[in-house]
Every structure is written in C-alpha cells, then in structure tokens.
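The figures that follow rest on heavy atoms only: side chains count, while hydrogens, waters and symmetry mates do not.
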Amino acid sequence: MIPEGARASTEPPALGAVRLEDLVDREALGELAESLHALFGLSVRFFSSDGALLADRVTEQALCHHLQSVPGARAQCARTIDHVKRLVPDGAGSAAHPCFTGAEYLVVNVTYEQRRMGRAVLGPYLSPEIADPPPSLLLVDDQLDPADASRLLPAMPRLSRERAELIAAHVQSALDLILFSGHKAWLTSQMHLASVTESYRTLEDKNRRLADAVDRLRELDRLKSNFLATVSHELRTPLTSIIGYSEMLTEGMAGDLSAEQREYVGTIREKGEQLLSLIKSLLDLSKLESGTMALRKATLDVATVTEQVVSTLLPTARKRGVHLESSVPRGLARLHADGEKLRQVFLNLTENALKFTPSGGTVALSAALETSDAEDEGVGFVLGAEADERLVVRVADTGIGIPEAERARVFDAFYQVDSSSTREYGGTGLGLSIVKRLVEAHDGTIRIEGNTPTGAVFVVSLPTAPPSSSSS
Ligand SMILES: Nc1ncnc2c1ncn2[C@@H]1O[C@H](COP(=O)(O)OP(=O)(O)OP(=O)(O)O)[C@@H](O)[C@H]1O
Ligand SMILES: [Mg+2]
C-alpha cells in the first residue's frame with residue numbers, strides 16, 4: 001500500500017515540513033544527551049519544533065528536590081520551567097534563562113540547512129562565581145531555611161556561560177552530523193518511495209489497459225463465435241441442396257449426362273462436400289468454444305474406436321502407399337466417453353498422419369495404460385493415494401514431423417506449419433484445434449513428440465472409467 005500523498009516525481013523531495021524526529025531517531029538523541037551528562041554532569045533535554053520532548057538525560061538536583069517541599073518555591077520553580085520550555089532563541093543562536101536559585105538554563109536552537117528543527121535545553125547549572133544563595137532564592141518563601149539553601153546550592157553542576165555556550169556549539173555540530181546522515185537516509189527512502197509509487201502507478205495503468213484489452217478481445221471473440229455459428233448454419237442448408245441436386249444429376253435423374261457434364265457435376269459435388277465438412281468443423285469449433293457441445297458419454301472400449309478409424313482410413317492409406325497399423329488390444333481399458341467424438345479425434349489425428357507421411361511410410365496406432373506418477377503431466381504423485389490411471393493412445397507416423405517450436409501452435413485454429421500459397425497439403429488448419437478441445441472436454445490432454453528417425457507422435461492421455469461405471 002502506497003501512503004497517501006507519496007510523491008510520484010523522481011525529483012529529490014524538499015525538506016519542507018520535515019521534523020527533527022523524522023531525520024534523527026530518539027535513540028541517537030538520547031545517546032547524545034547521555035554523553036553530555038556523563039562529561040559535564042549536565043541535564044539535557046531535546047524538544048521538537050512543536051515543543052514535544054524527544055529525548056532527555058536529567059538528574060534532579062538536591063536543591064530542586066528540596067524546593068518542591070516549599071510551596072512558594074515550588075510555584076516559582078514551575079513558572080521558571082514553563083518559561084524555559086517556551087523560550088525560542090533568535091535564528092541559530094542560544095538564549096540563557098535565569099532561575100531564581102541563581103542557576104541558569106541555556107536554550108539552544110537546533111538548526112539544519114537554515115531551518116529551525118527543534119531546541120536543546122541545557123541546565124540548570126551554576127556559574128562558578130556564585131558562592132552564596134542569591135536573595136531571589138532566600139526570599140522565595142518564609143518556610144525556606146537559608147541554611148538548607150546554602151548547603152544544597154553548591155552541589156549544582158558548575159559551569160560558566162561561556163563554557164555552556166561552547167557545549168551548545170558542540171551539541172549543534174554533533175547534531176549537524178547526525179541530521180546530515182538522517183537527511184541522507186530520509187532522502188533515499190523518499191526517493192525509493194517515489195520510484196515505487198511511480199512503478200506502482202505505471203503497473204496499475206498497464207493492468208487497467210490490459211484488462212480493457214482483454215474485455216474487448218473477449219467481446220470480439222464472442223461476436224466472432226456467434227458470427228461463425230450463424231454463418232455456418234445458414235451455409236449448410238443451401239449446400240445440402242447443392243450436393244443433393246448434383247447427386248441426382250450424377251444418377252441421371254434429370255436425363256443422361258455427357259462425359260464432360262458428368263465430370264463437371266462430379267467436381268461440384270466434391271467441392272460441395274469439402275465445403276460442407278469445413279462448415280461442420282467451424283460449427284463444431286464454435287460449439288466447443290462456447291461450451292455448448294453436448295457429450296453423450298457411455299462406457300466404451302477404446303479398441304472399438306480405433307478399429308473403426310483404421311477401417312475408415314485403410315482405403316486412403318492404400319491410395320497413398322502408406323502402411324496403416326493398429327495395435328490396440330480389446331479389453332485394455334474402458335473409457336467413459338462420447339464414442340462419436342473420440343472417433344472424430346482419432347480420425348483427425350490419423351488423417352493428418354497419413355496426409356503428412358510420404359508413400360512407403362508407416363502410421364501406427366497404439367495404446368497403453370499408465371499411472372499419473374509415470375505420466376509427465378505435472379500431476380504430482382501423492383503417497384498413499386490411489387494412483388490415477390490413464391489410457392495413453394499414440395498416433396505415430398514416419399512423415400515430415402513437426403519442429404519443436406511449432407508443436408504448441410499447431411493446435412491453434414487455422415494454424416498450419418506451412419501456410420504458403422504453394423503448400424502441397426490441403427486442409428484449413430481446424431482439425432487439431434477441434435481435436436484438442438474434444439480431448440480436453442473428456443478431461444484428457446494431448447501433446448506432440450518427435451518420432452525417430454522422422455515423423456510425429458501425437459500422444460492423447462484420457463482418464464479411464466472407474467470400475468463401477470457401466471454403459472449408459
Ligand atoms: N502428423 C503430422 N505431421 C506433420 N505435421 C502435422 C501433423 N499433424 C498436423 N500437422 C501440422 O499441423 C497443422 C495443423 O493441423 P490441422 O489438422 O489442424 O490442420 P490441417 O490438417 O492442415 O487442416 P484440416 O485438419 O482442417 O483439414 C497442419 O497443417 C500441419 O502443418
Ligand atoms: Mg488435419
């Protein structure tokens with residue numbers, strides 16, 4: 001928390017309203033008073049500019065103690081002390097104030113950089129020339145025994161005015177040093193405070209702007225998703241008609257077609273289907289982004305999913321001259337998952353693997369059970385807790401592979417490693433972003449590893465179904 005009124009400038013702050021006690025700690029003042037007392041037997045008090053006592057070292061004089069028991073003397077004593085307390089010498093000087101006992105006090109201004117910061121009061125002390133109690137003491141009250149006054153007065157510390165002023169000068173120069181280092185520390189802390197305040201404000205400002213930008217982006221993202229969903233939906237209906245009518249034309253329902261017409265209609269249908277699958281992907285993505293994709297979960301054997309994927313893609317693999325194999329044993333693991341969506345996941349991954357593997361290569365699906373402590377997912381293994389069992393499915397190919405720096409980005413929508421116009425592989429870059437979201441919707445994770453000597457391995461880790469769960 002930055003104190004109110006803290007300055008945000010990097011200019012050294014002015015001394016302004018700084019008080020003596022801000023620059024020098026009371027302990028240091030106390031030590032100074034102590035040393036003066038030890039050297040000269042002198043009582044010393046330090047006051048701030050507003051009259052508050054900051055430190056002192058005082059020995060009550062036997063005479064003063066005795067005078068407290070004499071009513072007239074006690075009142076006179078209180079008046080003297082009150083005057084001394086309120087006495088402010090001119091400028092950087094000092095002023096002596098006489099006491100009715102014949103002793104005196106010396107009040108010294110404590111100054112720093114021409115500013116009056118506070119006062120030091122030395123005394124009472126008695127001039128060496130005074131041998132007998134003065135009339136002001138003897139006449140202060142009838143009850144005062146002159147013999148007591150004569151006996152106690154000489155015990156006062158003896159000091160001439162000149163010596164007291166020398167001591168005062170010494171106090172001021174000692175305080176100069178103390179105040180200088182205090183001022184330095186104060187400046188440093190003020191500068192530090194100012195720079196912290198400044199960085200805090202800058203940070204706050206940046207945070208505010210970032211939060212605004214995030215809000216704007218969220219709103220844009222929401223608008224984009226709505227737009228995608230609406231447009232995709234509206235495109236699908238006419239497209240279904242285009243595909244349907246081109247199918248009817250191909251089947252000769254509107255009369256025989258020439259070979260050239262058949263070829264054109266075939267292209268219309270093929271491109272229409274490509275467009276339809278793109279629109280379906282966009283719809284899927286927007287549903288996944290908005291969290292409105294419903295999962296129909298049931299307990300299933302992952303092998304049935306991979307078998308379907310392999311049988312769907314075997315013709316494509318043959319056409320491309322790529323060897324497609326699967327070694328996912330039946331009964332290895334049961335998952336509580338949406339079978340259709342899982343099929344979409346492994347279909348996409350295997351299609352990619354086939355697409356990016358040149359003729360003569362291999363695409364292999366495999367699966368294994370792993371416990372979470374063996375999994376490198378940042379999930380800590382808790383001693384004594386039941387290990388979290390995961391099914392890990394790998395789709396490995398011997399194709400062109402994915403450079404390490406690109407592995408996180410390929411899951412972004414529309415991102416393709418080769419985005420040049422001369423790209424030799426088709427597609428729009430939506431497959432993996434849908435895959436990742438589908439896997440995450442199943443509480444799973446997906447990552448990419450390199451294959452040796454070439455190729456990519458997509459590793460999907462999914463939680464297995466608890467033993468009690470049954471098909472729903
Ligand atoms: N098995 C793989 N080997 C090499 N690169 C891959 C592999 N799988 C994905 N990629 C890279 O990741 C990019 C994104 O993949 P993704 O499946 O999202 O899009 P796509 O296959 O290009 O298009 P779409 O799936 O939408 O038809 C690909 O363009 C490719 O650069
Ligand atoms: Mg793809």
Side-chain angles (χ1 to χ4, degrees), residues 277 280-281 283-285 287-288 293-320 322-357 361-372 375 377 388-399 410-411 427 430-449 451 455-472:
S277 98
K280 276 187 187 151
S281 299
L283 269 175
D284 279 354
L285 193 63
K287 276 191 201 153
L288 282 163
M293 164 90 63
L295 294 184
R296 273 196 290 270
K297 286 190 177 178
T299 304
L300 51 87
D301 186 339
V302 75
T304 57
V305 176
T306 51
E307 278 165 17
Q308 277 176 11
V309 169
V310 170
S311 75
T312 311
L313 290 178
L314 216 47
T316 317
R318 287 211 182 103
K319 212 157 76 189
R320 296 188 53 93
V322 175
H323 178 63
L324 174 61
E325 62 185 33
S326 170
S327 55
V328 181
R330 285 218 166 200
L332 173 71
R334 290 171 347 129
L335 301 176
H336 188 59
D338 183 328
E340 184 47 42
K341 302 288 184 294
L342 274 196
R343 206 174 66 85
Q344 204 179 335
V345 165
F346 294 113
L347 206 59
N348 261 311
L349 293 178
T350 315
E351 264 177 345
N352 276 352
L354 291 172
K355 183 158 78 174
F356 296 105
T357 301
T362 303
V363 171
L365 275 70
S366 62
L369 279 179
E370 286 175 9
T371 39
S372 61
E375 267 278 329
E377 288 182 87
D388 185 15
E389 193 181 56
R390 318 270 295 180
L391 174 75
V392 179
V393 184
R394 288 182 160 79
V395 181
D397 64 53
T398 58
V410 292
F411 293 106
L430 281 177
L432 285 182
S433 63
I434 293 174
V435 163
K436 183 163 193 273
R437 286 185 160 89
L438 283 176
V439 169
E440 284 168 356
H442 282 89
D443 299 321
T445 60
I446 181 164
R447 62 173 193 270
I448 303 172
E449 291 172 357
N451 206 1
V457 185
F458 280 78
V459 186
V460 177
S461 163
L462 294 162
T464 54
S468 56
S469 69
S470 57
S471 202
S472 59

>> Among Leu349, Asn348, Leu365, Val345, exactly one meets side-chain contact (heavy atoms from CB on, under 4.5 Å) together with Phe458. Which residue is that?
In response: Leu349

> Which residue, Asp284, Ile434, Leu295, Leu288, forms the side-chain contact (heavy atoms from CB on, under 4.5 Å) with Lys341?
Replying inline: Leu295

>> I'd like to know if Glu340 and Arg343 make a salt bridge, using a cut-off of under 4.0 Å between side-chain N and carboxylate O.
In response: yes

> Would you find a donor on one side and an acceptor on the other, under 3.5 Å apart, between the side chain of Thr357 and the backbone of Leu354?
Replying inline: no

> Would you say the side chain of Val393 lies within less than 4.5 Å of the side chain of Val305, judging by non-hydrogen atoms?
Replying inline: no

> Quick check: does any side chain N or O of Thr398 sit under 3.5 Å from a backbone N or O of Thr362, one acting as donor and the other as acceptor?
Replying inline: yes

> Testing Lys436, Arg437, Glu440 for side-chain contact (heavy atoms from CB on, under 4.5 Å) with Ile446, which one passes?
Replying inline: Lys436

>> Between Leu369 and Leu391, is there a side-chain heavy-atom distance shorter than 4.5 Å?
In response: yes

> Between atom CG of Leu313 and atom CG of Leu347, what is the distance when rounded to the nearest 0.5 Å?
Replying inline: 5.0 Å

>> If I take atom CD from residue Glu449 and atom CZ from residue Arg394, how far apart are they, to the nearest 0.5 angstrom?
In response: 5.5 Å

> Distance-only, no hydrogens or angles: does the Asp397 side chain make a donor-acceptor pair with backbone N or O of Ala456 under 3.5 Å?
Replying inline: yes

> Taking atom CZ of Arg390 and atom CG of Leu462, what is their separation to the nearest 0.5 Å?
Replying inline: 7.0 Å

>> What's the separation between atom NE2 in His323 and atom CG in Leu314, rounded to the nearest 0.5 Å?
In response: 9.5 Å

>> Closer than 3.5 angstrom, by distance alone: can the side chain of His442 be matched with the main-chain N or O of Asp338 as a donor-acceptor pair?
In response: yes

> Does some side-chain heavy atom of Asn352 sit less than 4.5 Å from a side-chain heavy atom of Val395?
Replying inline: no

> Of the non-hydrogen atoms in Val328 and Ala367, which two are nearest, and what is the gap between them?
Replying inline: CG1-CB, 3.8 Å

> If every non-hydrogen atom of Ala333 is compared with every non-hydrogen atom of Asp301, which pair is closest and at what distance?
Replying inline: O-OD1, 3.6 Å

> What do the steps show when you test Arg330 against Thr304 for side-chain contact (heavy atoms from CB on, under 4.5 Å), and what is the final call?
Replying inline: CA-CA 8 Å; Arg330 285 218 166 200; Thr304 57; 3.7 Å; yes

> Are side-chain N/O atoms of Thr299 and Arg334 paired as donor and acceptor at under 3.5 Å?
Replying inline: no

> Do you know the tightest heavy-atom contact between Phe411 and Leu432?
Replying inline: CD2-O, 3.7 Å

> Do you know the tightest heavy-atom contact between Pro463 and Leu335?
Replying inline: O-CD2, 3.4 Å

> For Lys297 and Ala441, which heavy atoms make the closest approach, and how far apart are they?
Replying inline: NZ-O, 4.2 Å

> So which heavy atom on Pro329 is nearest to which on Ala303, and how close?
Replying inline: O-CB, 3.8 Å

